[in-house]
Engineer: 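What follows is a structure written as structure tokens; I'll ask about it next.
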6 protein chains.
Amino acid sequence: MSGTIYVINPNSTERVTRGIDEAVAPLRMAGGPAIECLTLADGPPGIQSQRDVDGLIPALLKRAAALETEAAAFVVACFSDPGMHSLREQSTKPVLGIAECGVLTALTLGQRFGIIAMLENSIPRHLRYLGAMGMMDRFAGDLPVNLTIQEMADERITLERMIGVGRALRDTHHADVLVMGCAGMARFREPLERELGVPVVEPTQAAVTMAVGRVRLGWGGRPLTRG
Amino acid sequence: MSGTIYVINPNSTERVTRGIDEAVAPLRMAGGPAIECLTLADGPPGIQSQRDVDGLIPALLKRAAALETEAAAFVVACFSDPGMHSLREQSTKPVLGIAECGVLTALTLGQRFGIIAMLENSIPRHLRYLGAMGMMDRFAGDLPVNLTIQEMADERITLERMIGVGRALRDTHHADVLVMGCAGMARFREPLERELGVPVVEPTQAAVTMAVGRVRLGWGGRPLTRG
Amino acid sequence: MSGTIYVINPNSTERVTRGIDEAVAPLRMAGGPAIECLTLADGPPGIQSQRDVDGLIPALLKRAAALETEAAAFVVACFSDPGMHSLREQSTKPVLGIAECGVLTALTLGQRFGIIAMLENSIPRHLRYLGAMGMMDRFAGDLPVNLTIQEMADERITLERMIGVGRALRDTHHADVLVMGCAGMARFREPLERELGVPVVEPTQAAVTMAVGRVRLGWGGRPLTRG
Amino acid sequence: MSGTIYVINPNSTERVTRGIDEAVAPLRMAGGPAIECLTLADGPPGIQSQRDVDGLIPALLKRAAALETEAAAFVVACFSDPGMHSLREQSTKPVLGIAECGVLTALTLGQRFGIIAMLENSIPRHLRYLGAMGMMDRFAGDLPVNLTIQEMADERITLERMIGVGRALRDTHHADVLVMGCAGMARFREPLERELGVPVVEPTQAAVTMAVGRVRLGWGGRPLTRG
Amino acid sequence: MSGTIYVINPNSTERVTRGIDEAVAPLRMAGGPAIECLTLADGPPGIQSQRDVDGLIPALLKRAAALETEAAAFVVACFSDPGMHSLREQSTKPVLGIAECGVLTALTLGQRFGIIAMLENSIPRHLRYLGAMGMMDRFAGDLPVNLTIQEMADERITLERMIGVGRALRDTHHADVLVMGCAGMARFREPLERELGVPVVEPTQAAVTMAVGRVRLGWGGRPLTRG
Amino acid sequence: MSGTIYVINPNSTERVTRGIDEAVAPLRMAGGPAIECLTLADGPPGIQSQRDVDGLIPALLKRAAALETEAAAFVVACFSDPGMHSLREQSTKPVLGIAECGVLTALTLGQRFGIIAMLENSIPRHLRYLGAMGMMDRFAGDLPVNLTIQEMADERITLERMIGVGRALRDTHHADVLVMGCAGMARFREPLERELGVPVVEPTQAAVTMAVGRVRLGWGGRPLTRG
């Protein structure tokens, strides 16, 4: 039960990691496992394509291998869960992905979930993943905020755009729960929820919640070999 | 963030509540929320039919209403999640069900889940619920142990039967993760996992894990009214 | 083959029962079973929430138990089919629910069905039920009329609103058959169908149709015990 | 509401029509519609292939056209529902198919249905049809009796084989309700049910039940043109 | 590997056959199989209903039977794939349908496919077929161009209408690949793709591509009898 | 229309590439595109895990980038389709994967497909991919041959094991078409088909077939930018 939950931001942008770190702070409890948020220095600055996703996996696996002994669990903190299944093979510790945990947690908060995506071209990738997860019967829609770099620097514009997308998911796609399709933006969760009147899931919080449980309960990682 | 997570065993059998209490002990952390396990005195001794499920809901809601002020969250600790959706309407606190959380957690541990049911006649009820959850694409099978009361009193026989059912789910139904379809039997989780070589989910542990996160993060219960 | 088909309106509003009674009149045939429509005096005045649904089940089961000897079959006449599965356990007679029969009948009249719901907050409940029924591949949409009590008293406004919702289901959700998501409003079926140009299913009529057949054919209720 | 329900056996074997006629006898009620069972003289002696199904449709449509004025409704009485959708276009009267109604009725009697097919090579055809109906989430299995002509002449052997297939569907495929995948064998329904302990649906009875309701309620056939 | 791929246009309109012939020209390769496009003289002038589909099958099968010896493969060139499964039973050669191949090919070009249908009343027929194919999880939408005969004679109007429908499928139904729901209009494929910015599949080209492979590889037609 | 179809074997085993080369030989036609089979020298000797799949993608993309100008199309010749979606982003040429094309082609040959996998631990990976493809409604089963290296060197043992697995898929899982879940073993296709009596798809042949069509028709690769 000792060891640290390593939350790995697989992009190289420290600002995102800081956002994640603040997001998971409430899950650091006196008697609970340590939670450390890391930046994958060798990752791309942002993860915008399947190539970005696939390309960072070797670096992610290498970083995780170096942490294996100290690790109580790993959380892959990018909404495409890059390398999650590979890391589950490599590590003997629990490995969780934020998209997987974000979507699963949403299913406890509403009947049809919508995803607030960052970029339009992520959506087919999300859909393939949701299909792999078998989630299509509960899926309402996935719409992008499509912000430029300049716009993303402006918190007010970012929030407004997320509200706009959330409203479309709620009113046109009939979502009754939303998942934020990104890491590091937990500060927008509460304003979104208040403005939209439906529950909003921040996926790193959802994933670290499940990691804390796994560590406390001593549920291992890699599937055991058959007896 | 103050308040207690009330885990309500909706049957009247104290022995089951004690089993749940032991199961969730590792999730009691110094800095985390209190977790209290209760027996629904007005519930049936065991929950074996849809009538048992439906019949206990008024008593469950009444008990929860009395706890509402003190509650940080509620967990309904029976594998049919009786009254979960009603309680979500009644309470302003997070409400989680062990079947829902058990199955969702299993999806992070394998691709096809199997359920070790207690009784054969529960299975159509489980299937309706899995359909409502949209889980049929990941479902491998659901098989009963069908123990008599005498047999259930014998731990060795109970474990053997569960192993037999788990083996059939693994080998014939191709499950690569199993969910225990009952509360209060967490002591069998590890032996099952060791014997079968696939991950086994104990559903009260899965649900309380998610409740702890919900409480720590201050994610509310009832869906907000629309803005 | 003797006995009466009891159509139980599980809310306490006599006006609804009278509407059901008129609806099923054409199914009373000289040589066919008697059909009697009853009001559940202990039910809520209207069924608007999961709590209403769950809360009335004990009273419904009690009422049905008292009718068991005289009954040829039971029809639960509320679009949430409250207690249907419990009543199937309790009774040895056929038990049908109007939502189940309404949706199944719609599948013989069009490829994608839409539901005209009364209240918005019923929709997640409907979706869970449709999921349990495995109907999502044929589901087009479910939209509420959201009438106030005053508005419901005005037949013209009620019809207009139902037409509006039906039109949205037909044109935006591509439904080619509609199901009325309520009991006791059969008088609107024909005007709706005429106005919208797609078949409209009145669910109590659909359920009693199937009950008449079950009674005439002597197909029992409760699944037999295995030989 | 006047007129006759024409149940058309689309194969040319009178013996099958006689079996259908006996099956639907209990649905002839003093105040209800007349029910007449016909043999399609130009149909094949048995319907064993997709070619048989497709090939008989012109003759079926011609026969139905000649009956249109007298008809209150049509039932296509072959488990492949040949020409059902074409007949729905041609006729202004309700048109029902026995496979469609048989499967839909089964959904009110169990959670997972199995089909007792006559011939192995019908099964892909059944599966395409069940997929078109959106029924795969409730489907347990479809197994053939594969009787030779000689064997089919022997009632005892036929029943034994059907029991064997039903038992496999129940025990290996976990069906809790069965549909007879043929017309004209209603006499085996009750022995099957008694022997297997699960409900068994005879599909011509299921379809004629729904036809009687459609006629009595005056629900039209062909989807109306849009207003 | 010798023999001719017969592409049969099952309607009697030579102009459509000429359009198909031009479409498949690039698939005629020096070393590849001959490809011949035929008009079914006994087919209807256009295929607009299920009756048209079902009614032409006997003539199609007869025509194909006459070509059996010379045939290397058959392609049924109507978007309802009329008689495809019957022809697979009749012929020992590969049989492909343009709807089946068009949709399957679209799955390699995008995550959610939309169909540009000719007529509104084809859509339920398409949906039944897509259900039979198990394609509903990838289906975005199916919208009709609804052109009159006069409008269809005007290439500019036809293209404009197809662009309009394609845009609605892309923007409202979130399709990222489109399938032309008709034969003989391959000349519009490239302008559509250029205008809409998403891949567009011409289904006769998709089907003949697969037929060429089947012929070259010597993969037979009819499923073999079991060893 | 000029250029070469590059079939890239992403493992480093030349023997496998030679097997692929022989498999696709019939698809080299006088007037058709050149087809060249390559070995990814930097790939793993065999692809046995998600780590193998993810790890080879950078090398695959690099190799393909170097071939981009000469390429008419790319085929990724490993049954996990590693890097296929990344390569679709990178290249302006058509990119096809053998698992995707193998499964899609199987859907034209039977109603329920089974997969003959090489290794047991590939199966959850296959299932995730089939889910992403939306294929679960047509999926019969996926069973491994589980051969040791020594056994794989013995052609007779390999074929026997594949026949055994194919028989189980056909008889226990009710598959009526099989897909070989590997590249480079096309020589076993015909013996398997003959022995099992159901069609067997060799996936590199299926993929190259579709690539030839794409090249001849001039259908581009990367989805165009929206107009």
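Computed from a predicted structure; not experimentally measured.
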Engineer: Nearest 0.5 Å, what's the CD-CG distance between A:Q50 and F:L87?
Structural biologist: 11.5 Å

Engineer: Identify the heavy atoms of F:S86 and A:D54 that sit nearest to each other, and give their distance.
Structural biologist: OG-OD2, 2.7 Å

Engineer: If the condition is side chain to side chain contact (heavy atoms under 4.5 Å, CB included), which residues does F:P58 pass it with, not counting sequence neighbours?
Structural biologist: A:P58

Engineer: Answer whether the closest heavy-atom distance between the side chains of F:R125 and A:H85 falls below 4.5 Å.
Structural biologist: no

Engineer: How far apart are the closest heavy atoms of A:S49 and F:E89, and which atoms are they?
Structural biologist: CB-OE1, 3.1 Å

Engineer: Looking only at heavy atoms and a cut-off of under 4.5 Å, which of F:L127, F:D52, F:I57 has the most pairs with chain A?
Structural biologist: F:I57

Engineer: Against chain A, label F:L130 side chain, backbone, both or neither, depending on which of its atoms sit under 4.5 Å from a heavy atom there.
Structural biologist: neither

